[in-house]
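A short write-up of the structure that comes next.
Sequence positions, counted from 1, serve as the residue numbers for this chain. Excluded from the calculations below are hydrogen atoms, water molecules and symmetry mates; all remaining heavy atoms, backbone and side chain alike, are included.
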Amino acid sequence: MNLAIIPARGGSKRIPGKNIKCFAGKPLIAYSIEAAKASGLFNKIIISTDSEEIAEVAKYYGADVPFIRPKELSNDVVGTRPVTNHAIKFCIEHLYQPEFCCCIYATAPFLHAKYLQKGLDSLKQHREKSFAFSVTSFPFPVQRALIKTQAGVSPMFPDDIGKRSQDLEEAYHDAGQFYWGKTDGYLSNQKIFSHDSLPVVLPRHLVQDIDTPEDWQRAELMYQAYVQGQPSE
């Protein structure tokens, strides 16, 4: 049995009401709920929120809100892992024992059901691993990064700054969409960003952080371009 957990705290400061703000015609959180539902992978899709308003929107789009998140897990310094683990423990105590759990961010309008499926398939195929999460490649070699100094600029990796791009190893970063994990893995001390995890590689055009108003505008433009580029039925 599989559990989806979508953390959605109220009180966003940089983009007020971000999780339920209208994005290309729908509340932002609706895209994550709909992708989870479309995947057909989950016995339950739970929203962990401290906001009654977010809870009502989430219910409208078909998610469950079996609890209101405790205050001690609702400030802006609490990480995602404690919030996810709280929801898992609630599910075990009140609903059922999931085998796999997937934390899905509420700010993932580019999330596709097929990548959720790839993550779960990958985790099942590699039973020695505990997690599988979305990543994407950097558009430019990180080994050629520069840092600002009082004198001007300096290479972050001096030994690599002169190398050709094709001679440098491709680097990836967290895509911020989903994090599959075995229930025991989540409730253990294992770290997600470690050798205990598998990467699910996404194309860069399906990845965009939404943390600032500028991010939001860029994401909407990307989304509109993506939708317009899809073949009509």
### Message
Give me each pair satisfying side chain to side chain donor-acceptor pair (under 3.5 Å) with a member in residues 87-96, each pair once, sequence neighbours excluded.
### Response
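Pairs touching residues 87-96 that pass the test: none.
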### Query
Could you give all pairs that pass the side chain to side chain donor-acceptor pair (under 3.5 Å) test and reach residues 55-65, with sequence neighbours left out?
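Pairs touching residues 55-65 that pass the test: K44-D64.
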### Message
Checking D215 now: which residues fulfil salt bridge (charged side-chain N to carboxylate O under 4.0 Å, His left out) with it, not counting sequence neighbours?
### Response
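Counting only residues at least two positions away or on another chain, D215 forms no salt bridge (charged side-chain N to carboxylate O under 4.0 Å, His left out).
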### salt bridge (charged side-chain N to carboxylate O under 4.0 Å, His left out) involving D159 - partner list, sequence neighbours excluded
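Expected list: none.
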Determine the minimum heavy-atom distance between [X] and [Y], stating which atoms define it.
{"X": "C102", "Y": "L116", "result": "SG-CD2, 4.0 Å"}
{"X": "A58", "Y": "I47", "result": "CB-CG1, 3.4 Å"}
{"X": "I33", "Y": "G62", "result": "CG2-C, 4.4 Å"}
{"X": "I104", "Y": "A4", "result": "CD1-CB, 4.3 Å"}
{"X": "D50", "Y": "G10", "result": "OD1-N, 2.8 Å"}
{"X": "Q208", "Y": "A219", "result": "CG-CB, 3.6 Å"}

Enter the distance from [X]:[atom1] to [Y]:[atom2] here, rounded to the nearest 0.5 Å.
{"X": "T212", "Y": "Q217", "atom1": "OG1", "atom2": "CD", "value": "10.0 Å"}
{"X": "C103", "Y": "F178", "atom1": "SG", "atom2": "CZ", "value": "11.5 Å"}
{"X": "L3", "Y": "F100", "atom1": "CG", "atom2": "CZ", "value": "13.0 Å"}
{"X": "Q125", "Y": "K118", "atom1": "CD", "atom2": "NZ", "value": "11.5 Å"}
{"X": "Y186", "Y": "F131", "atom1": "OH", "atom2": "CZ", "value": "6.5 Å"}
{"X": "I45", "Y": "N2", "atom1": "CD1", "atom2": "CG", "value": "11.0 Å"}

[atom1] of [X]: more than 12 outside heavy atoms within 6.0 angstrom?
{"X": "E170", "atom1": "CD", "answer": "yes"}
{"X": "E214", "atom1": "CD", "answer": "no"}
{"X": "Q224", "atom1": "CD", "answer": "yes"}

#### Entry: Polar side-chain atom of S122 near backbone of G119 as donor-acceptor pair, under 3.5 Å
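Judged by distance alone, no pair lies under 3.5 Å.
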### Partner set under side-chain contact (heavy atoms from CB on, under 4.5 Å) for T183, not counting sequence neighbours
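Testing T183 for side-chain contact (heavy atoms from CB on, under 4.5 Å), a comparison that skips the adjacent residues, returns I88, I92, Q97, P98, C101, L187.
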Identify whether [X] and [Y] are in the same connected component of the hydrophobic contact network (ILVMFWY, side-chain heavy atoms under 4.5 Å).
{"X": "L41", "Y": "I6", "answer": "yes"}
{"X": "Y31", "Y": "Y115", "answer": "yes"}
{"X": "V135", "Y": "L168", "answer": "no"}
{"X": "Y105", "Y": "W216", "answer": "no"}
{"X": "V207", "Y": "V142", "answer": "no"}

### Query
Under 4.5 Å between any side-chain heavy atoms of R144 and F157, yes or no?
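R144 does not reach F157 side chain to side chain.
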### Query
Do D167 and D160 have side-chain heavy atoms sitting under 4.5 Å apart?
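No. Closest side-chain heavy atoms not under 4.5 Å.
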### Query
Between H112 and Y226, what is the ring plane arrangement, given parallel below 30°, perpendicular above 60°, and tilted in between?
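Aromatic pair H112/Y226 classed perpendicular.
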Which donor-acceptor pairs under 3.5 Å do the side chains of residues 147-155 make with protein atoms, sequence neighbours left out?
residue: T149; atom: OG1; partner: A151; partner atom: N; Å: 3.3
residue: T149; atom: OG1; partner: G152; partner atom: N; Å: 3.1

### Task
Enumerate the residue pairs fulfilling ring pair (Phe, Tyr, Trp, His ring centres under 6.0 Å) with a member in residues 65-87, sequence neighbours excluded, ordered by first and then second residue.
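Listed by first then second residue: F67-H86, F67-F90.
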### Message
Under 4.5 Å side-chain heavy-atom separation, chaining through any Ile, Leu, Val, Met, Phe, Trp or Tyr, what else clusters with V78? Say none if it is isolated.
### Response
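L73, V83, listed by chain and number.
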Could you list the donor-acceptor pairs under 3.5 angstrom formed between side-chain atoms of residues 16-30 and any protein atom two or more places apart in sequence or on another chain?
residue: K18; atom: NZ; partner: I210; partner atom: O; Å: 3.0
residue: N19; atom: ND2; partner: R9; partner atom: O; Å: 2.9
residue: K26; atom: NZ; partner: E34; partner atom: OE1; Å: 2.6

### Q117 vs D121, side-chain hydrogen bond (donor to acceptor under 3.5 Å, both in side chains): CA-CA, chis, key distance, verdict
CA-CA 6 Å; Q117 182 71 66; D121 289 346; 2.9 Å; yes
### Task
Could you tell me whether the side chains of R69 and S48 share a donor-acceptor contact shorter than 3.5 Å?
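Yes, because at least one side-chain N or O of R69 sits under 3.5 Å from a partner of the opposite role on S48.
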### Query
Quick one: ring-ring contact (aromatic ring centres under 6.0 Å, His included) partners of F140, sequence neighbours excluded?
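For F140, no residue satisfies ring-ring contact (aromatic ring centres under 6.0 Å, His included) once neighbours in sequence are set aside.
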### Message
Holding to ring-ring contact (aromatic ring centres under 6.0 Å, His included), I want the full list of residues that pass it with H173, two or more places apart in sequence or in another chain.
### Response
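Partners of H173 by the ring-ring contact (aromatic ring centres under 6.0 Å, His included) criterion, ordered by chain and then number, come out as F138.
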Report all side-chain donor-acceptor pairs from residues 195-206 shorter than 3.5 Å, counting only partners two or more places apart or in another chain.
residue: S197; atom: OG; partner: I192; partner atom: O; Å: 2.3
residue: R204; atom: NH1; partner: S137; partner atom: OG; Å: 2.8

